[in-house]
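These notes concern the structure reproduced below.
The first residue in the sequence is number 1, and the count goes up from there.
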Amino acid sequence: VQLQASGGGLVQAGGSLRLSCAASGRTFSAYTMGWFRQAPGKEREFVAAIRWSGASPYYADSVKGRFTISRDNAKNTVSLQMNSLRPEDSAVYYCAADSTWGRRMAKDFASWGQGTQVTVSS
């Protein structure tokens, strides 16, 4: 599956952004879809993921209660609604696909989009 993320930008602390990831390929609905982020000088970290059915989302503790992941299999898209943004949320955000639900390691996700920059000013 091929992925392309969009929706990043510059926002003030406390603001919101919505990221989208468009997927191509007939088997999109079979994958767990996830979001990761990577700040300069840091490792890529898990943010959120959602089962192929749209059920059972799971989140990193750092974003729980502020971010919401969703997907639309009819449109081959997965979204990340980010509210109450903080400067520490600034990073390049990547969408990714995994054949197995429940994993959080970047190495387990086989397909990646190109990333979209999110910058949160204080």
Under a 3.5 Å distance rule, please check whether N73 uses its side chain to pair with a backbone N or O of N76 as donor and acceptor.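 Flag not set: sc N73 to bb N76 has no pair under 3.5 Å.
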
Counting N and O atoms only, with roles assigned by atom type, does the side chain of S90 sit under 3.5 Å from a partner on the main chain of T119, one being a donor and the other an acceptor?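 No; zero donor-acceptor contacts below 3.5 Å.
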
Can you sort out the partners of S122 under side-chain contact (heavy atoms from CB on, under 4.5 Å), two or more places apart, ordered by chain and number?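 Expected list: P87.
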
So, taking the atom named [atom1] in [X] and the one named [atom2] in [Y], what distance separates them when rounded to the nearest 0.5 Å?
| X | Y | atom1 | atom2 | value |
| --- | --- | --- | --- | --- |
| Y31 | S111 | OH | OG | 5.5 Å |
| T32 | I50 | OG1 | CD1 | 9.0 Å |
| R71 | C21 | CZ | SG | 10.0 Å |
| S20 | Q4 | OG | CD | 11.0 Å |
| K42 | R37 | NZ | CZ | 8.5 Å |
| F46 | S62 | CZ | OG | 9.5 Å |

What is the minimum heavy-atom distance between [X] and [Y], and which atoms define it?
| X | Y | result |
| --- | --- | --- |
| A97 | V1 | CB-CG1, 3.7 Å |
| A5 | Q114 | O-NE2, 2.9 Å |
| L3 | A23 | CD2-CB, 3.6 Å |
| R51 | S56 | NE-OG, 3.7 Å |

Who are the ring-ring contact (aromatic ring centres under 6.0 Å, His included) partners of Y59, not counting sequence neighbours?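 For Y59 there are no ring-ring contact (aromatic ring centres under 6.0 Å, His included) partners, ignoring immediate neighbours.
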
Go through the steps for T100 and D108 under the test side-chain contact (heavy atoms from CB on, under 4.5 Å), then give the verdict. CA-CA 9 Å; T100 301; D108 293 323; over 6 Å; no

Just jot down the side-chain hydrogen bond (donor to acceptor under 3.5 Å, both in side chains) partners of [X], sequence neighbours excluded, or say none.
| X | answer |
| --- | --- |
| Q2 | S24 |
| Q81 | R18, N83 |
| D98 | R103 |

Between R86 and D89 (salt bridge meaning N to carboxylate O under 4.0 Å), is one present in this structure?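 Looking at R86 and D89, the cut-off is not met.
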
Contact between V118 and M82 at the side-chain level, heavy atoms closer than 4.5 Å - yes or no?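 Result yes, sub-4.5 Å side-chain heavy-atom pair found.
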
Taking C-beta and beyond as the side chain, do V78 and D72 meet within less than 4.5 Å on heavy atoms?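 They are not in contact (no side-chain heavy atoms under 4.5 Å apart), so the answer is no.
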
Hydrophobic cluster membership, with links at side-chain heavy-atom distances under 4.5 Å among I/L/V/M/F/W/Y: are W52 and I69 in one?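 Hydrophobic grouping puts W52 apart from I69.
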
If hydrophobic clusters are built by linking Ile, Leu, Val, Met, Phe, Trp and Tyr wherever their side-chain heavy atoms come under 4.5 Å apart, do V92 and L80 end up in the same one?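 In one cluster: no.
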
Surrounding CD of E88 (heavy atoms of other residues, nucleotides or ligands, distance under 6.0 Å), is the total greater than 12?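 Counting neighbours around CD of E88, more than 12 heavy atoms of other residues, nucleotides or ligands fall under 6.0 Å, so yes.
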
Kindly state each residue pair satisfying ring-ring contact (aromatic ring centres under 6.0 Å, His included) with at least one member in residues 86-122, sequence neighbours excluded.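 Those involving residues 86-122 are F36-F109, F36-W112, Y58-W101.
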
